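Data first, discussion second: the structure below is written as structure tokens.
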There are 2 protein chains.
Amino acid sequence: MGRPQKTHRTRREKSVNTRQALREAALELIDRDNSFDGLSLREITREVGVVPTTFYRHYPDMESLGLELVDDSFRTLRELLKVARQSPVETDDRIRRSVETFVTYVRANRRHFQFLARERFGGVAAIREEIRTEVRLLQSELATDLGRFPVLNKWSTDDLNMMAGLMISAMIGIVEQVLVNRRREHDDSALIKVAEKQLRLILLGTPAWRSKPVTD
Amino acid sequence: MGRPQKTHRTRREKSVNTRQALREAALELIDRDNSFDGLSLREITREVGVVPTTFYRHYPDMESLGLELVDDSFRTLRELLKVARQSPVETDDRIRRSVETFVTYVRANRRHFQFLARERFGGVAAIREEIRTEVRLLQSELATDLGRFPVLNKWSTDDLNMMAGLMISAMIGIVEQVLVNRRREHDDSALIKVAEKQLRLILLGTPAWRSKPVTD
DNA sequence: TGTACATCAGTGAACGCGCGTTCACTGATGTAC
DNA sequence: TGTACATCAGTGAACGCGCGTTCACTGATGTAC
């Protein structure tokens with residue numbers, strides 16, 4: 001009423017909101033039941049409460065929306081990892097706390113992770129490839145990070161990548177477990193303990209590494 | 001012509017074949033492009049070369065067919081593992097050879113694994129749950145097997161399960177890599193080396209296990 | 001500040017299409033006598 | 001061995017439905033003067 005600057009932008013804001021609402025409706029519907037390529041344009045617009053043709057004002061087709069969902073999902077994940085990377089290094093229970101943070105984060109963003117898990121091998125090739133590219137990127141970043149640790153700074157790039165791949169496989173396994181139970185209040189402590197142990201077991205192997213494998 | 005016993009059964013055989021052909025067509029179409037719930041009954045019957053209504057002579061709905069595909073996929077996998085379990089124990093390069101066998105097997109049965117990978121988080125709840133149940137079963141069997149090794153026979157059931165879970169996560173990661181490259185003649189040797197190293201790294205950690213984690 | 005014009009998000013009718021499912025049918029095979 | 005009947009996999013027409021996409025439209029907001 002008395003806010004000219006705000007009402008000034010109402011129309012544009014609404015359009016931005018619709019665009020975002022379309023993505024959120026897609027996430028919601030995927031989480032609720034379907035896979036992305038079992039999802040119809042009309043379902044999405046119906047969920048948002050606009051007419052089907054409005055969809056085309058924002059995306060040329062479903063695939064574009066899907067690719068943007070991949071970007072959304074990884075953008076937030078990258079932010080988490082960036083913060084984690086900058087946090088004070090090497091407290092005693094660093095592993096435990098990292099796992100806790102990660103699991104909490106997955107639960108807070110379950111629809112994004114649900115989407116990634118479902119579409120990583122889903123029916124739309126372009127989306128699969130985009131996800132795969134991002135995961136590979138994450139893996140090589142993790143490999144670089146690992147190389148900075150004293151125990152690992154003599155390792156070859158290949159071996160660092162191998163270890164990063166194993167850690168990511170383990171974490172994907174954990175993500176899957178988190179997703180199985182959809183309740184937000186679910187007690188994840190058992191899950192966190194197992195994940196922590198798995199990472200610890202991997203790390204325990206590192207001092208002994210190359211004692212034998214280096215010969216073949 | 002001169003084989004009465006065989007022509008005797010032609011009709012029945014044909015029906016068995018159609019039933020199987022429906023499942024194979026579904027696998028083929030899923031491998032080619034779609035996810036299961038983006039797949040239509042008509043596509044499947046079209047692929048087989050029968051009229052859509054024929055489908056109902058064999059399955060009440062698509063979900064039943066999907067569940068049978070899960071059974072098919074795990075039945076063959078179980079057979080592989082059974083053979084592996086009975087094979088002569090403890091040769092020096094046991095890990096390497098197990099990984100080789102496994103990767104070769106995944107390639108030979110890629111459509112089944114493609115199906116499992118795609119539907120493990122796919123849009124059909126009943127199928128997801130069936131797959132999850134089977135994987136959990138596999139994990140507990142592996143945990144039992146692990147407990148028979150000298151290094152591990154003092155481990156708690158929880159810890160054996162933790163380790164089995166980690167190994168399965170690693171192998172699922174490997175399966176995914178195999179599936180990315182669809183060519184049957186693809187050279188998997190690099191992949192096999194990485195998988196072997198990952199398992200070796202896990203095993204290297206086992207002697208040191210419990211030196212510290214047991215206290216918390 | 002006021003007016004005239006451009007932009008563009010959202011509308012609603014309409015289209016042709018492939019879908020799952022029903023139904024009554026056909027005709028080959030299996031079974032009883 | 002021959003005949004009469006039951007079974008049942010596969011057929012083909014028909015149905016109503018939700019789909020993606022087109023089109024000309026409306027009307028609020030932003031911009032130029």
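The structure displayed is predicted, hence computed values, not measured ones. All values below come from the heavy atoms of this structure, side chains included, with hydrogens, waters and symmetry mates left out.
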Are Ser156(A) and Asp158(A) close enough that a side-chain donor and a side-chain acceptor fall under 3.5 Å?
no
Donor on one side chain, acceptor on other, Ser169(A) and Ser169(B), under 3.5 Å:
no
When you check the phosphate oxygens OP1 and OP2 of [N], does a side-chain N or O of [X] lie under 4.0 Å from one of them?
X        : N       : value
Thr54(B) : dT11(D) : yes
Thr18(A) : dG10(C) : yes
Ser40(A) : dC19(D) : yes
His58(B) : dC8(D)  : no
Arg46(A) : dG20(D) : no
Arg19(B) : dC8(D)  : no

[X] [atom1] - [N] [atom2] separation (whole Å):
X        : N       : atom1 : atom2 : answer
Arg42(B) : dC19(D) : CZ    : C1'   : 14 Å
Phe55(B) : dT11(D) : CZ    : P     : 15 Å
Tyr59(B) : dC8(D)  : OH    : C1'   : 17 Å
Glu43(A) : dG18(D) : CD    : C1'   : 10 Å

Closer to the 5' end of DNA chain C via nearest nucleotide, is it Val50(A) or Tyr56(B)?
Val50(A)
Is a donor on one side and an acceptor on the other found under 3.5 Å between the side chain of Asp187(B) and the backbone of Ser189(B)?
yes
Under 3.5 Å donor-acceptor, Asn181(B) side chain and Arg183(B) backbone:
yes
Cationic tip of Arg19(A) above Tyr59(A) ring, under 6.0 Å, 45° of axis:
yes
Earlier contact from the 5' end, DNA chain D, for Leu41(A) and Arg57(A)
Leu41(A)
Please give the nucleotide sitting opposite dA13(C) as a Watson-Crick or G-U wobble pair, both distances under 3.5 Å, or none.
dT22(D)
Suppose we define a pair by two distances each less than 3.5 Å, Watson-Crick or G-U wobble; what does dA32(D) pair with here?
dT3(C)
